[in-house]
There are 2 protein chains.
Amino acid sequence: MKKGKRISDAVIRRLPKYYRYLGDLISSDINRISSSELSKLTGFTASQIRQDLNNFGGFGQQGYGYDTKRLHVEIGKILGLDKKYKVIIVGAGNIGQAIANYAGFYEEGFEVLALFDKNPKLIGLKIRDIEIKDVDDLAAFIKRNEVEFGVICTPKETSQDMADILTENGIKALWNFAPLDIKVPEHVSIEDVRLNESLYTLTYYYSRNNENTEE
Amino acid sequence: MKKGKRISDAVIRRLPKYYRYLGDLISSDINRISSSELSKLTGFTASQIRQDLNNFGGFGQQGYGYDTKRLHVEIGKILGLDKKYKVIIVGAGNIGQAIANYAGFYEEGFEVLALFDKNPKLIGLKIRDIEIKDVDDLAAFIKRNEVEFGVICTPKETSQDMADILTENGIKALWNFAPLDIKVPEHVSIEDVRLNESLYTLTYYYSRNNENTEE
DNA sequence: CCTCCATTATTAATATTTTAACAATAATTA
DNA sequence: TAATTATTGTTAAAATATTAATAATGGAGG
């Protein structure tokens, strides 16, 4: 990466889309793409794509374009997808189970070591060979296994407490599905999946599009 | 809303957070809040909050602040949450079931009429009294029930086809969980939930925070 | 091996978004 | 009821992000 320059969050959030389309292109045995072709696929402007990629150094070649395989690898590195992650999921309800079941998760190097729940009916069950354990064993398990990634799928009320246990025991990244703003120490990264906010955005646009046509 | 002025997507995506905190405040019997107090809660600046709200007309009062109940109602209206929506979910896998099970969905006026799947093992089962139906009956069901909202929880490969069936039969809003860019007619609203992109954003920030401290 | 072409990398211009400043005004207090 | 205070609504300034323009350069073709 070019030294010193801060990369904006907007740029980072476009990278996964490039990464996905590059994967698709590679699967189709296409090994070269220009920014304008990638623009057609992604919907971002060619100019923006070139600028985004240039934040991290020149991956393209003038007069030629970008090598899909190389660019895929490079963006993967930028996003940290060249590493393996040990993950635990807290809350083995629907969302927690869905995440545990999601195959793509494993393919990209995320290894779910365990799910945790407080419901005795769930404890002991297995999802895809992953055991649901008692939430009381959470702290010890994280320490023993040096887990670095946690997924919060608990109800709103208990999520902050769960997050505290996770971060106090060394977890450095939280993927939060609970609808609240979790407070974490400065060195911990957190990313929220806000399903409600996404849904309400949809209802807004839907309502606006259909303002005059409703019964 | 003030006439003519276009509201940016960024503004819209902040509204649900205001809405959530206002709900919390009302639950705590707090019926008045200033933009600076709301700033502390949400993390947005007071100035931004005032500007956001002013896009839709002045809901506050100088020297006083905002009435939490009124503002909650008004934002709800803007987001279209004052209406009921008939919803179907296509794909009754983990995510589809998780959405169907999510109680908050019903509280805000979303009524899930049915789930659809092509897996004979799932067809006929019920999630929360909602039947999983054969995907072959999709088109007829949408027309008969005048469904307006569709949730796509199918695998990447079939999602575009499912979306086509939905929009051809009158569905005007799609909430898409499949990791691809679905093409829809212009009058149809679509909102994507991109779990992969969210996760990769997290790995990016995590990696950057821990660049120098890894084994 | 030279020329031309395509396409990037980079700089400049534009547009958008955010933040700050302040004037207007309702509520509170004396 | 007048003065004071708090806080909005609104305008202006600053910061950021996007788009456009162009100079640089490697590759393909003759």
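Within every chain, numbering begins at 1; the chains are lettered A, B, ... in the order of the sequence lines, protein sequences first and strands thereafter.
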Would you mind reading off the distance between [X] atom [atom1] and [N] atom [atom2], rounded to a whole angstrom?
X	N	atom1	atom2	answer
B:Arg13	C:dT18	CZ	P	13 Å
B:Leu71	D:dG9	CG	P	10 Å
B:Leu38	D:dT7	CG	P	13 Å
B:Leu53	C:dT18	CG	C1'	15 Å
B:Ile7	C:dT16	CD1	C1'	14 Å
B:Phe59	D:dT10	CZ	C1'	16 Å
A:Asn55	D:dT16	CG	P	14 Å
A:Ile49	C:dT10	CD1	C1'	17 Å

> Within the modelled atom types, does a donor on one side and an acceptor on the other bring the side chain of B:Gln62 and the base of C:dA24 under 3.5 Å apart?
Replying inline: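 Counting by modelled atom types and ignoring angles, a donor-acceptor contact under 3.5 Å is found here.
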>> Determine whether a donor-acceptor pair (one donor, one acceptor, N or O, separation below 3.5 Å) exists between the side chain of B:Gln51 and the base of D:dT8.
In response: no
> By a strict heavy-atom criterion of less than 4.0 Å, which residues belonging to residues 23-36 of chain A are in contact with DNA chain C?
Replying inline: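 Per residue number, the list reads A:Ser34, A:Ser35.
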I'd like to know if [X] pairs up with [Y] as an ion pair, taking the criterion as any Lys NZ or Arg NE/NH1/NH2 lying under 4.0 Å from an Asp or Glu carboxylate oxygen.
X	Y	answer
B:Asp29	B:Lys69	no
A:Glu108	A:Lys83	no
A:Lys84	A:Glu148	no

Establish, with yes or no, whether the OP1 or OP2 oxygen of [N] is under 4.0 angstrom from a side-chain nitrogen or oxygen of [X].
X	N	answer
A:Gln61	C:dT7	no
A:Tyr66	C:dA9	yes
B:Arg14	C:dT18	yes
B:Ser47	C:dT18	no

> So what does A:Phe44 touch, heavy atoms closer than 4.0 Å: a base, only the sugar-phosphate, or nothing?
Replying inline: nothing
>> Once side-chain hydrogen bond (donor to acceptor under 3.5 Å, both in side chains) is applied, do any residues pair with A:Asp164, and if so which ones, sequence neighbours excluded?
In response: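 Expected list: A:Gln160.
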>> Going by the rule side-chain hydrogen bond (donor to acceptor under 3.5 Å, both in side chains), which residues pair with A:Asp24 if we only count those two or more places apart in sequence or in a different chain?
In response: B:Lys156
> B:Arg128: what forms a salt bridge (Lys or Arg N to Asp or Glu O under 4.0 Å) with it, not counting sequence neighbours?
Replying inline: none
> salt bridge (Lys or Arg N to Asp or Glu O under 4.0 Å) with B:Arg14: which residues, sequence neighbours excluded?
Replying inline: B:Asp52
> Could you go step by step and tell me if B:Arg20 and A:Asp181 meet the salt bridge (Lys or Arg N to Asp or Glu O under 4.0 Å) rule?
Replying inline: CA-CA 11 Å; B:Arg20 170 162 60 84; A:Asp181 295 304; 3.2 Å; yes
>> Does the structure place the NZ or CZ of A:Arg32 under 6.0 Å from the centre of the six-membered ring of A:Tyr64, at an angle of no more than 45° from the ring's axis?
In response: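 Here A:Arg32 passes the 6.0 Å and 45° test against A:Tyr64.
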> Nearest nucleotide by nearest heavy atom, which residue falls closer to the 5' end of DNA chain D, B:Gly63 or A:Val11?
Replying inline: B:Gly63
> To 10°, what angle do the rotation axes through the five end pairs on each side of the helix from C:dC1-D:dG30 to C:dA30-D:dT1 form?
Replying inline: 20°
>> Quick check on B:Lys118: does its NZ atom have over 12 non-hydrogen neighbours (other residues, nucleotides or ligands) under 6.0 Å away?
In response: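 Open.
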> Where the side chain of B:Arg50 is defined as all heavy atoms beyond and including C-beta, which of D:dA17, D:dT10, D:dT19 is the nearest nucleotide?
Replying inline: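 The answer is D:dT10.
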>> Starting the side chain at C-beta, find the nucleotide from C:dT18, D:dT10, C:dA9 nearest to B:Gln48.
In response: C:dT18
